[in-house]
Amino acid sequence: MRMIRQGGSRELEIRRSRFVCTLARVADEAEAAAFIAAHRRAHRDATHNCTAYVVGEHGEITKSSDDGEPAGTAGVPMLEVLVRRGLTGTAAVVTRYFGGVKLGAGGLVRAYAQAVAGAVDAVGVVELRPVVTVTVGVGHELAGRFLGDLHAAGHQPADVRYGTAVEADVAVPAADLAEFEAWAAAATAGRASLRRGAPGHIEVPVT
């Protein structure tokens, strides 16, 4: 799955109406609802504050609102952009300030979709890749060479601790765990201790 890289806003003007899309990263429905409620309070002078969000590990929870626009012309096209981009953990509010010219149902659908798509493009997207943090422990006599080998092999330790031994935390793609552990064992002639931590994700920018 993917998420927006960061929150942010982008404005689009169509036939004198202003469409301001504001995006936020949210962990769950409660965070999405709180973000939307706060945004509506801050922009209560707007003609409409239409919303959509996608949350859940696989983007399985979705919700949208037209906030007074004709049914299906705002929230649904906003949500479709988020779903089509494969996003999760993302909430969108498009604040509309009416400019006096009616756009029609088709025009509204395009405007709200374009507002969200433009904002997503502006803030950027990251891909969530599953990883497991492997803690590799080696003696001080091996540490310098092993840390150099880690860097040379493209493994950037998230943390290195010096105590009775030297421990390095390395985020390893879940699919590459066995290969990494075999490599670490070979690089230290079997003198490394390996300990798997909890699974998680890393964020890789999508270009």
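Small disclaimer: the values here were computed from a predicted structure and weren't measured.
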Charged N to carboxylate O below 4.0 Å: is that the case for Arg2 and Glu203?
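Here Arg2 does not pair with Glu203 in a salt bridge, since their nearest N and O are not under 4.0 Å apart.
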
N-O pairing of Glu167 and Arg161 below 4.0 Å:
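Yes, this pair counts.
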
List the steps, then state whether side-chain contact (heavy atoms from CB on, under 4.5 Å) holds for Val83 with Val54.
CA-CA 7 Å; Val83 171; Val54 182; 4.2 Å; yes

Counting N and O atoms only, with roles assigned by atom type, does the side chain of [X] sit under 3.5 Å from a partner on the main chain of [Y], one being a donor and the other an acceptor?
{"X": "Ser65", "Y": "Thr51", "answer": "no"}
{"X": "Arg25", "Y": "Arg5", "answer": "yes"}
{"X": "Asp28", "Y": "Glu31", "answer": "yes"}

What's the verdict on side-chain contact (heavy atoms from CB on, under 4.5 Å) for Leu23 and Cys21, showing C-alpha distance, side-chain angles and the deciding distance?
CA-CA 7 Å; Leu23 300 172; Cys21 179; 3.8 Å; yes

For [X] versus [Y], what's the shortest heavy-atom pair and its separation?
{"X": "Leu108", "Y": "Pro70", "value": "CD1-CD, 3.8 Å"}
{"X": "Val138", "Y": "Ala143", "value": "CG2-CA, 3.9 Å"}
{"X": "Arg10", "Y": "Ala122", "value": "CD-CB, 4.0 Å"}
{"X": "Pro157", "Y": "His151", "value": "CD-CE1, 3.8 Å"}
{"X": "Arg16", "Y": "Glu13", "value": "CA-OE2, 3.9 Å"}

So which pairs with a foot in residues 41-80 pass ring-ring contact (aromatic ring centres under 6.0 Å, His included), sequence neighbours left out?
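Qualifying pairs: His39-His43.
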
Relative to each other, are the rings of His155 and Phe180 parallel, tilted or perpendicular (30° and 60° limits)?
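His155 and Phe180: perpendicular rings.
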
Is [Y] close to [X] at the side-chain level, that is, under 4.5 Å between some pair of heavy atoms?
{"X": "Phe146", "Y": "Val166", "value": "no"}
{"X": "Leu82", "Y": "Val116", "value": "yes"}
{"X": "Arg129", "Y": "Pro173", "value": "no"}
{"X": "Glu11", "Y": "Arg18", "value": "yes"}

Derivation of the side-chain contact (heavy atoms from CB on, under 4.5 Å) call for Thr95 and Thr22:
CA-CA 8 Å; Thr95 299; Thr22 303; 5.6 Å; no

Just wondering, more than 12 heavy atoms not from [X] lying within 6.0 Å of its [atom1]?
{"X": "Arg40", "atom1": "CZ", "result": "yes"}
{"X": "Gln6", "atom1": "CD", "result": "yes"}
{"X": "Glu57", "atom1": "CD", "result": "no"}

Which ILVMFWY residues are connected to Ile202, directly or by a chain of links, through side-chain heavy atoms under 4.5 Å apart?
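Members besides Ile202, by chain and number: Val131, Val204.
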
Write out all pairs satisfying side chain to side chain donor-acceptor pair (under 3.5 Å) with one or both partners inside residues 186-199, taking only residues at least two apart or from two chains.
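The answer is Glu141-Arg191, Glu181-Arg196.
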
Enumerate the residue pairs fulfilling salt bridge (Lys or Arg N to Asp or Glu O under 4.0 Å) with a member in residues 64-73, sequence neighbours excluded, ordered by first and then second residue.
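Only Glu69-Arg96 qualify under salt bridge (Lys or Arg N to Asp or Glu O under 4.0 Å).
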
Which pairs would a plain distance check flag for residues 84-91, meaning a side-chain donor or acceptor within less than 3.5 Å of a matching protein atom at least two apart in sequence or in another chain?
{"unit_1": "Arg85", "atom_1": "NH1", "unit_2": "Asp121", "atom_2": "OD1", "d": "3.0"}
{"unit_1": "Arg85", "atom_1": "NH2", "unit_2": "Asp121", "atom_2": "OD1", "d": "3.3"}
{"unit_1": "Thr88", "atom_1": "OG1", "unit_2": "Gly56", "atom_2": "O", "d": "2.6"}
{"unit_1": "Thr90", "atom_1": "OG1", "unit_2": "Thr88", "atom_2": "O", "d": "2.9"}

In terms of hydrophobic clustering (I, L, V, M, F, W, Y; side-chain heavy atoms under 4.5 Å; direct or indirect links), are [X] and [Y] co-clustered?
{"X": "Val206", "Y": "Val81", "value": "yes"}
{"X": "Leu142", "Y": "Val136", "value": "yes"}
{"X": "Tyr97", "Y": "Ile14", "value": "no"}
{"X": "Val126", "Y": "Val123", "value": "no"}
{"X": "Leu79", "Y": "Leu12", "value": "yes"}

When you check the side-chain N and O atoms of Asp169 and Thr133, is any donor under 3.5 Å from an acceptor?
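No, no side-chain donor-acceptor contact under 3.5 Å.
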
Worked check of side-chain contact (heavy atoms from CB on, under 4.5 Å) between Arg145 and Leu147
CA-CA 6 Å; Arg145 178 176 177 179; Leu147 291 174; over 6 Å; no

Looking at residues at least two apart in the chain, or sitting in another chain, which of them share a ring pair (Phe, Tyr, Trp, His ring centres under 6.0 Å) with Tyr112?
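Partners of Tyr112 by the ring pair (Phe, Tyr, Trp, His ring centres under 6.0 Å) criterion, ordered by chain and then number, come out as Phe19.
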
